[in-house]
Amino acid sequence: MPDTPQTPASSPVLQHLCQIIAARTHGDEDCDTAITELSFFRREQQTNPCSCMVEPSVVLVVQGEKQMLVGEQSYAYDTQHFLLNSVDLPASSQVLSASSTAPCLGLVLRLDLRIMADLIAQGGICPPASQSSQPGMALGTVTSTLLDAFSRLLDLLDQPQHIGVLAPLIKREIHYRLLMSDQASRLWQILATGSHSQRIARAIDWLKTHYTEPLRIEELAARVQMSSSSLHHHFRQLTTMSPLQYVKWLRLNEARRLMLSDKLDAATAAFRVGYESPSQFSREYARLFGLPPRRDISQLAQVGG
């Protein structure tokens, strides 16, 4: 049976999590922690959508409200709903509710699908009734049992001598709670050996490390043992974009990083990420980011400076 009790927004556990994250993010927007795969975020004002790659993770807001935009889909989440992502997805993140006196606070825990596979292999967890293909991102209901587990995990930050032993156990419990949540079917479809979703996840892993190379759909489909038409259909179903659009997103965001961080000019960055035509790069860059490369990087540098 899935976990069902929902936690009220004013619960002591939620307030406790809010205090911990607020204290550890003061003056920072994003903060890694001493617990592997766990990070905090803080935003003190509403924001415009910001391009990002969302890893397989669970995102929990303990104060405020955010939304994730994936293609034409929007996922607004708050203290009552967690964001669950099962594959690496290009998206845009936006803060909907935040202020200096009541900042948007939350945490991100990267999922370990091996832990979930092990929990399923042990038996005792019934598969969900429906495991049909679904988008890789969804909203789940925050329950008291899930919050309690996160509370115990965050309490370990004040007990660093116990993190090495206890954190893996609590993270394993959190993964179990997610498998018992109302989003269990989304995780099962990724974990099921030979499923379409698992094969798309393998295709995504390959694209992430070979995005500078020419994309040949037939070769990618053969690599994950699918037909080209099936690859296209299920890739779009899981990510809301085609494999080619996915590769373009990877290339353009890496080029943006190279221009901003490594001070490369647009043509050099374009060639570095796999474009053969600087003019095509500029057109597609402006289509994604709203400005041509030079103007966009100039604005970003001014904001960063």
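Just so we're clear, the structure is a prediction, and the values are computed from it rather than from any experiment.
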Hphob cluster co-occupancy, Leu252 + Phe271, side-chain heavy atoms under 4.5 angstrom: no
Close side-chain approach of Leu238 and Leu89, heavy atoms under 4.5 Å: no
Heavy-atom donor-acceptor pair, Ser298 side chain to Arg295 backbone, under 3.5 Å: no
Heavy-atom donor-acceptor pair, Arg24 side chain to Leu157 backbone, under 3.5 Å: yes
Separation between CD1 of Ile200 and NE2 of His233, rounded to the nearest 0.5 Å: 9.5 Å
same_hphob_cluster(Leu69, Phe41) at 4.5 Å side-chain heavy-atom cutoff: no
Note: Glu55-Arg110 ion pair, threshold 4.0 Å (strictly below): yes
CG-CG distance between Leu178 and Leu84, expressed to the nearest 0.5 angstrom: 6.0 Å
Check: His175 side chain, Asp112 main-chain N or O, donor-acceptor pair, under 3.5 Å: yes
Distance-only side-chain donor-acceptor flag, Asp182 / Thr141, under 3.5 Å: yes
ILVMFWY network linking Leu156 to Val108, side-chain heavy atoms under 4.5 angstrom: yes
From CA spacing to verdict: salt bridge (Lys or Arg N to Asp or Glu O under 4.0 Å), Arg177, Glu173: CA-CA 6 Å; Arg177 295 298 178 188; Glu173 178 187 347; 3.7 Å; yes
Flag side-chain contact, heavy atom, 4.5 Å: Thr239 against Val70: no
Lys/Arg-Asp/Glu bridge criterion (N-O < 4.0 Å) met for Asp28, Arg42: no
NE2 on His16 to CG on Leu14, rounded to 0.5 Å: 11.0 Å
Validation row: Leu146, Ile174 side chains within 4.5 angstrom (heavy atoms): yes
Side chains of Pro243 and His232 in contact at under 4.5 Å (non-hydrogen atoms): yes
Point-to-point distance, once rounded to the nearest 0.5 Å, from CG of Asp32 to CD of Glu37: 10.0 Å
Proximity of Phe235 and Tyr246 rings by center, below 6.0 Å: yes
Test item: Ser282 side-chain N/O and Pro278 main-chain N/O as donor-acceptor pair under 3.5 Å: yes
Over 12 foreign heavy atoms within 6.0 Å of CZ, Arg294: no
Within 6.0 Å of CD in Gln45, more than 12 heavy atoms from elsewhere: no
Evaluation steps, side chain to side chain donor-acceptor pair (under 3.5 Å), between Asp30 and Ser39: CA-CA 7 Å; Asp30 298 291; Ser39 61; over 6 Å; no
Hydrophobic cluster membership, Ile115 vs Leu107, 4.5 Å side-chain cutoff: yes
Under 3.5 Å: donor-acceptor pair, side chain of Gln94, backbone of Met68: no
Joint hydrophobic cluster, Met241 plus Tyr211, side-chain heavy atoms closer than 4.5 Å: yes
Asp296 with Arg256: basic N within carboxylate O range, under 4.0 Å: yes
Asp265 side chain vs Thr268 backbone, donor-acceptor pair below 3.5 Å: yes
Parallel, tilted or perpendicular: ring planes of His234 versus His196, cut at 30 and 60 degrees: parallel
Inter-residue atom distance Ser242.OG - Ile217.CD1, 0.5 Å rounding: 7.0 Å
Exam field: side chain Lys66 to backbone Ser97, donor-acceptor pair closer than 3.5 Å: no
Single hit among Glu284, Gln280, Lys248 for side chain to side chain donor-acceptor pair (under 3.5 Å) with Tyr275: Glu284
Thr33 side-chain N/O to Leu38 backbone N/O, donor-acceptor pair under 3.5 Å: yes
Interatomic distance, Asp158 atom CG to Ile20 atom CD1 [nearest 0.5 angstrom]: 7.0 Å
Whether Thr209 side chain and Trp206 backbone form a donor-acceptor pair below 3.5 Å: yes
Main-chain N/O of Arg251 paired with Glu254 side-chain donor or acceptor, under 3.5 Å: no
Trace of the side chain to side chain donor-acceptor pair (under 3.5 Å) decision for Ser197 with Ser195: CA-CA 5 Å; Ser197 296; Ser195 69; 4.9 Å; no
